[in-house]
Amino acid sequence: MTLKYVNESLTFDNIDIQELDQTIQTPYYLYSKNTIDKNVDEYISELKNINSLICYSVKANSNLSILSLFAKKNLGFDIVSGGELHRVIRAGGDSSKVVFSGVGKTDEEIEFALKNNIYCFNVESQGELSRIDAIASLLGVKANISLRVNPEIDANTHPYITTGLSENKFGISQNDVLSVFKMISNFKSLNICGIDYHIGSQIVDLDPFIDSANKVLLLINELEKEQIDLLHVDLGGGLGIGYNNELPISRGEYVRSVSEVFKDKNLKLIFEPGRSIVGNTGLLISQIIYIKEGDNKNFIILDAAMNDFMRPALYNAKHRIIPLIKTNTRSKKTYEFVGPICESTDKFLTKKKFQKLKEKDFIAICDVGAYGMSLSSNYNLRPKATELLIKNSKIQIIYKRQSLKDLI
Ligand code: LLP
């Protein structure tokens, strides 16, 4: 992202953030449209000669204005709830390019999705198959079905965000998938359209992607022998980004390598990227409320907390913190950046030799565009933060901070 200091002041897409702080109450999210566009355009250009569809994974960042940027670029969407489908439609998204993932789709959600003609359901169990068939039959429509297979691959990522292991709740096991595919022909209101898998998130190695693609290719070959023809293979999301010193694979290398595996198959490739489109596009700006120095530990108490940004508390994720105004000072002490919430996990980062800071100074927490606002809550009855988008060097409010009234 275009983040740089100009005369010691942090700028983001040429906007001086400290100047913004005079008018906007912290904490707030600040996103760069330029960077979002750049990330999406890279996927689009890498895939231009491949029969493919990008279904942006809405859970990564579900802000209405951000979704509408993707709708304008004709992307599809990967959703996991009726709420997400509703948001996609409101954002101008094309529901015929929506894939519906998740292990627990309710009757209401299935009906809502069928009435909106989504492209397909990524089905995760036999129970779900019969449920979709029953609802589709009541509505007098046919539902497109893709089965999610669990490729039993270790994605080498945080255990909380790995999904392709046999102990995970996701997908149908490789041993059962053939028989479940055969079963589909018994259901009058279902059409087979694809096979789907997703092995986890924040994956920075190529191997798990290639290994899982190869496993799914073997299954596709088995299906062909049984005369079960598919229209697409959905490879899920999961491509990681560089938060600190990780060296993730590029979007281009990822797309080229996995597409190669399926090159002899006449199948549409569906991708469900989330983090690799929005992750590096956002900052969380926060003001220091107090600096508390103790015998053993020193704390910088921010006005942002784990309810605003949950990843450090939930996954022990380390996001860089940088000052809005740079000085040439260095503190000899070690500080923990924490929030005001009454939980000991309400902390963002521990830093040695950070520049000297004082009350009322501002900092930015980096790379919070994915699973930032979308994972936020009202815990401790804290209102949800403002979200701003920088678009052509102008600031647009894309979510207004909740008021106390909104909390009643
Ligand atoms: N498709 C499916 C079926 C998924 O479950 C996910 C993410 C994605 C696509 C998008 O994955 P991505 O490209 O963003 O890695 N809250 C966690 C991440 C949870 C990911 C859940 N599923 C975090 O903050 O790291």
Side-chain angles (χ1 to χ4, degrees), residues 36 39-40 42-43 53-62 66 70 75-81 84 88 98-105 120-124 128 146-151 155-165 168-172 194-205 208-209 212 216 233-244 246 248-251 254-255 258 269-282 284 306 308-319 348 365-377:
I36 297 175
N39 294 347
V40 178
E42 203 177 313
Y43 267 113
L53 177 67
I54 302 165
C55 288
Y56 166 72
S57 191
V58 175
K59 64 177 87 62
N61 187 320
S62 42
I66 291 183
F70 302 140
L75 260 50
F77 295 90
D78 159 50
I79 59 155
V80 284
S81 70
E84 287 191 351
V88 165
V98 165
V99 296
F100 195 164
S101 307
V103 294
K105 305 171 188 80
C120 84
F121 292 88
N122 287 338
V123 169
E124 306 223 12
E128 191 188 330
S146 162
L147 289 189
R148 174 165 175 180
V149 54
N150 184 334
N156 296 326
T157 185
H158 191 283
Y160 289 5
I161 51 176
T162 195
T163 50
L165 292 174
N168 298 133
K169 68 181 172 185
F170 301 99
I172 295 167
I195 188 163
D196 153 60
Y197 64 101
H198 166 82
I199 55 171
S201 195
Q202 184 51 19
I203 301 167
V204 290
D205 301 330
F209 286 122
S212 48
V216 172
V233 52
D234 178 339
L235 299 85
L239 182 61
I241 63 168
Y243 286 109
N244 296 290
E246 307 92 330
I249 0 159
S250 69
R251 282 172 279 267
Y254 161 70
V255 163
V258 289
L269 304 188
I270 297 185
F271 292 87
E272 300 175 354
R275 190 190 317 261
S276 54
I277 289 185
V278 289
N280 69 345
T281 67
L284 178 61
M306 64 191 278
D308 302 302
F309 187 57
M310 183 79 164
R311 297 196 75 252
L314 198 54
Y315 314 110
N316 201 15
K318 306 270 183 283
H319 285 252
F348 294 108
I365 305 178
C366 298
D367 302 317
V368 298
Y371 308 105
M373 186 62 165
S374 60
L375 261 175
S376 69
S377 76

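Start at 1 and go down the list; that is how both ligands and their atoms are numbered. Throughout, numbering of the chain's residues begins at 1 and tracks the sequence. The shown structure was predicted, so the numbers you read here are calculated from the model rather than taken from an experiment.
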Would K105 pass as a cation-pi partner of F100, given that its NZ or CZ must be under 6.0 Å from the six-membered ring centre and within 45 degrees of the axis? yes
So is S276 close enough to ligand 1, meaning a heavy atom under 4.0 angstrom away? no
Atoms of ligand 1 under 4.0 Å from any heavy atom of R148, numbered from 1 in the order shown, are 3 (C)
I'd like to check the salt bridge (Lys or Arg N to Asp or Glu O under 4.0 Å) partners of E42; sequence neighbours left out, ordered by chain and number. R251
Do D78 and S101 meet the criterion of a side-chain donor-acceptor pair at a distance under 3.5 Å? yes
N61 side chain vs G369 backbone, donor-acceptor pair below 3.5 Å: yes
Which of the numbered atoms in ligand 1 are below 4.0 angstrom from a heavy atom of D78? 1 (N), 2 (C), 9 (C)
Between K318 and N316: side-chain donor-acceptor atoms closer than 3.5 Å: yes
Backbone or side-chain N or O of S101 under 3.5 Å from ligand 1 N or O: no
Short list, please: which atoms of ligand 1 are under 4.0 Å from a heavy atom of R275? 12 (P), 13 (O), 14 (O), 18 (C), 23 (C), 25 (O)
Among residues at least two apart in sequence or on other chains, which ones pass ring-ring contact (aromatic ring centres under 6.0 Å, His included) with F77? none
Residue P273 vicinity, atoms of ligand 1 by number, heavy atom under 4.0 Å: 13 (O)
Parallel, tilted or perpendicular: which fits the ring planes of F348 and F309, with parallel below 30° and perpendicular above 60°? parallel
So if I count the atoms of ligand 1 from 1 in the order they appear, which ones are less than 4.0 Å from some heavy atom of L375? 16 (N)
What I want to know is whether G274 and ligand 1 share at least one N or O pair that is separated by under 3.5 angstrom. yes
Does ligand 1 have any atom that is closer than 4.0 Å to a heavy atom of G238? yes
Atoms of ligand 1, numbered as shown, that sit under 4.0 Å from any heavy atom of E272: 1 (N), 2 (C), 3 (C), 8 (C), 9 (C), 10 (C), 13 (O)
